[in-house]
Visitor: 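Below: one structure in structure tokens.
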Amino acid sequence: MTLISILGIFVFALSSSAFGNVLAPRDLEGCGGSIFVEDAVVIDAPLSANCMWQIKTDENRVLVFTVISAGGNFKQIEEFLSIHDGLGLDSSVLLFENQKVHEVSKKELPEAIYTTGSVAEVRFKKTPTSVFKLKIQKAVDCPFNLGAESQCGRVVDETSCYCATFSKRDQSSQTSYCNSHAMKLWVIESYEEELAIQTVWGTSSYFWTSGTDELSEGMWIWETTGTNLYPGYANWADAEPNDSGGYEDCLYINFSKNGRIGWNDGSCGGLWDAICEAHS
Ligand SMILES: *[C@@H]1O[C@H](CO)[C@@H](O)[C@H](O)[C@H]1NC(C)=O
Ligand SMILES: *[C@@H]1O[C@H](CO)[C@@H](O)[C@H](O)[C@H]1NC(C)=O
């Protein structure tokens with residue numbers, strides 16, 4: 001008889017093996033067990049109390065918990081379980097109300113609890129009276145800023161982190177700046193992502209991205225990922241890119257167009273702010 005079921009939603013970067021879709025509980029007769037979070041895992045609230053899960057993810061990542069059903073609300077489930085920041089009896093309990101929310105984080109994101117490290121323990125202490133699931137994802141840590149003249153937030157989703165630096169530098173210096181903080185200069189992948197950035201940081205500013213056609217005129221690539229810009233999302237301003245004077249090889253975003261977003265090609269030596277990003 002199985003009291004618990006675990007559904008693992010795994011996305012392996014390099015493997016598309018169907019084997020990765022379901023994670024068998026280590027111990028089907030008891031409850032709880034050990035889980036390694038590759039990307040995301042969903043656990044059902046158990047039908048009995050005294051279940052304990054030990055959860056780990058990659059060493060340099062953190063874990064983020066969200067509630068599925070129960071109104072997505074931690075208030076309604078905190079009497080049934082506790083989420084601990086680490087393993088062991090003396091690890092502190094993480095409470096939703098104690099989580100610091102970045103000023104610029106996306107307001108529509110679900111309630112989430114973050115660990116400070118790569119391990120956590122979930123202890124079900126009381127039999128839940130209603131059905132709910134706990135979603136556990138791997139996330140990058142997100143600082144409040146990267147020092148003076150910068151600001152960070154969970155701007156797009158609950159597992160990634162974006163930081164804006166308001167110190168103007170040329171494009172390659174902004175690349176180095178992001179890298180020195182274990183982040184990457186921005187790759188704009190979709191209109192939603194672009195709009196999310198514009199919503200928090202887009203008041204009359206210009207930001208470097210990692211787009212460039214420096215190697216071959218007109219062959220735009222995202223330097224951060226080495227991928228071609230085309231086919232893919234693009235949002236050039238009218239009559240851009242125009243390679244003015246033959247020296248405009250780097251892509252910055254111009255948010256100053258009265259709410260309408262537009263990309264422009266500029267000299268890579270131009271001094272603009274920048275957006276850094278990190279993903280789990
Ligand atoms: C190219 O675009 C720039 C703005 O980036 C503009 O100042 C310039 O006049 C344009 N040049 C041509 C030849 O259209
Ligand atoms: C940004 O867009 C506005 C509106 O089109 C334009 O007037 C301005 O020259 C652009 N600025 C830069 C630096 O590309």
Side-chain angles (χ1 to χ4, degrees), residues 2-13 15 17 19-70 72-101 109-128 130-143 154 157-161 182 278-280:
T2 307
L3 292 179
I4 33 162
S5 68
I6 314 168
L7 176 64
I9 307 169
F10 288 78
V11 178
F12 290 107
S15 136
S17 154
F19 183 71
N21 288 334
V22 176
L23 179 71
R26 196 189 54 175
D27 177 7
L28 287 173
E29 282 155 69
C31 65
S34 301
I35 301 173
F36 186 85
V37 179
E38 196 70 48
D39 180 49
V41 171
V42 175
I43 58 175
D44 287 331
L47 300 176
S48 62
N50 303 316
C51 280
M52 194 166 89
W53 297 96
Q54 297 197 320
I55 300 148
K56 291 186 185 179
T57 190
D58 294 330
E59 228 165 71
N60 53 352
R61 294 289 183 267
V62 299
L63 292 159
V64 52
F65 294 84
T66 47
V67 191
I68 299 178
S69 63
N73 185 319
F74 277 102
K75 268 258 124 18
Q76 301 198 20
I77 64 157
E78 274 179 347
E79 64 173 301
F80 305 115
L81 60 80
S82 54
I83 299 173
H84 296 254
D85 196 18
L87 305 177
L89 285 177
D90 57 353
S91 54
S92 59
V93 176
L94 294 165
L95 295 172
F96 175 70
E97 51 269 35
N98 293 346
Q99 298 274 307
K100 291 188 201 130
V101 179
L109 291 179
E111 280 191 358
I113 287 181
Y114 290 89
T115 58
T116 58
S118 60
V119 292
E121 208 163 80
V122 177
R123 300 183 198 151
F124 284 92
K125 46 194 180 185
K126 198 170 153 188
T127 307
S130 65
V131 178
F132 67 87
K133 294 169 195 287
L134 214 49
K135 184 174 181 186
I136 311 162
Q137 295 173 89
K138 175 168 73 174
V140 287
D141 190 25
C142 196
R154 306 242 181 229
D157 57 42
E158 64 266 39
T159 62
S160 62
C161 181
H279 296 270
S280 59

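Basis for what follows: all heavy atoms, side chains included, without hydrogens, waters or symmetry-related copies.
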Visitor: With sequence neighbours excluded, tell me which residues meet salt bridge (Lys or Arg N to Asp or Glu O under 4.0 Å) with E79.
Guide: K126
Visitor: Indicate every side-chain donor-acceptor pair of residues 112-121 with a distance under 3.5 Å to a residue at least two apart or in another chain.
Guide:
{"residue": "Y114", "atom": "OH", "partner": "R154", "partner atom": "NE", "Å": "3.3"}
{"residue": "Y114", "atom": "OH", "partner": "E158", "partner atom": "O", "Å": "2.6"}
{"residue": "T115", "atom": "OG1", "partner": "L63", "partner atom": "N", "Å": "2.9"}
{"residue": "T115", "atom": "OG1", "partner": "L63", "partner atom": "O", "Å": "3.4"}
{"residue": "T115", "atom": "OG1", "partner": "G117", "partner atom": "O", "Å": "2.7"}
{"residue": "T116", "atom": "OG1", "partner": "D85", "partner atom": "OD1", "Å": "3.3"}
{"residue": "T116", "atom": "OG1", "partner": "D85", "partner atom": "OD2", "Å": "2.7"}
{"residue": "E121", "atom": "OE1", "partner": "R123", "partner atom": "NE", "Å": "2.9"}
{"residue": "E121", "atom": "OE1", "partner": "R123", "partner atom": "NH2", "Å": "2.7"}
{"residue": "E121", "atom": "OE2", "partner": "Q54", "partner atom": "NE2", "Å": "2.9"}
{"residue": "E121", "atom": "OE2", "partner": "G88", "partner atom": "N", "Å": "3.4"}

Visitor: In the structure I gave you, are the side-chain heavy atoms of T159 and H279 within less than 4.5 Å of one another anywhere?
Guide: no
Visitor: How close do A182 and A278 get, counting heavy atoms only, and between which atoms?
Guide: O-CB, 4.3 Å
Visitor: Are F65 and I55 close enough that some pair of their side-chain heavy atoms sits under 4.5 Å apart?
Guide: yes
Visitor: Under the side chain to side chain contact (heavy atoms under 4.5 Å, CB included) rule, collect the residues that match up with N73, sequence neighbours excluded.
Guide: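 N73: side chain to side chain contact (heavy atoms under 4.5 Å, CB included) contacts with K75, Q76, E111.
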Visitor: Under the side chain to side chain donor-acceptor pair (under 3.5 Å) test, which residues partner T127, sequence neighbours left out?
Guide: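 Per chain and number, T127 pairs via side chain to side chain donor-acceptor pair (under 3.5 Å) with no residue.
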Visitor: Using a 4.5 Å cut-off on heavy atoms from C-beta on, say whether the side chain of L134 contacts that of I77.
Guide: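 A side-chain contact under 4.5 Å exists here.
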Visitor: Within a strict 4.5 Å, meaning less than it, do heavy atoms of the M52 and F124 side chains meet?
Guide: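 They are not in side-chain contact.
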Visitor: Side chains of F132 and L81, heavy atoms from C-beta outward: is any pair under 4.5 Å?
Guide: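 Yes; the side chains approach each other to less than 4.5 Å.
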Visitor: Within this structure, what is the CD-CG distance for the pair Q137 and D39, rounded to the nearest 0.5 Å?
Guide: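 Between Q137 CD and D39 CG, I get 7.0 Å after rounding to 0.5 Å.
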Visitor: Looking at S91 and G86, what are the two nearest heavy atoms and their distance?
Guide: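 That closest heavy-atom pairing would be OG-O, 3.4 Å.
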Visitor: Using the side chain to side chain contact (heavy atoms under 4.5 Å, CB included) criterion, which residues pair with V93? Sequence neighbours excluded.
Guide: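 Counting only residues at least two positions away or on another chain, V93 forms a side chain to side chain contact (heavy atoms under 4.5 Å, CB included) with S82, H84, L95.
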Visitor: Kindly state each residue pair satisfying side-chain hydrogen bond (donor to acceptor under 3.5 Å, both in side chains) with at least one member in residues 58-69, sequence neighbours excluded.
Guide: D58-K138
Visitor: So do I136 and V64 actually touch side chain to side chain, heavy atoms under 4.5 Å?
Guide: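 No, their side chains stay 4.5 Å or more apart.
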Visitor: Under the side chain to side chain donor-acceptor pair (under 3.5 Å) rule, collect the residues that match up with S280, sequence neighbours excluded.
Guide: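 Applying side chain to side chain donor-acceptor pair (under 3.5 Å) to S280 gives none.
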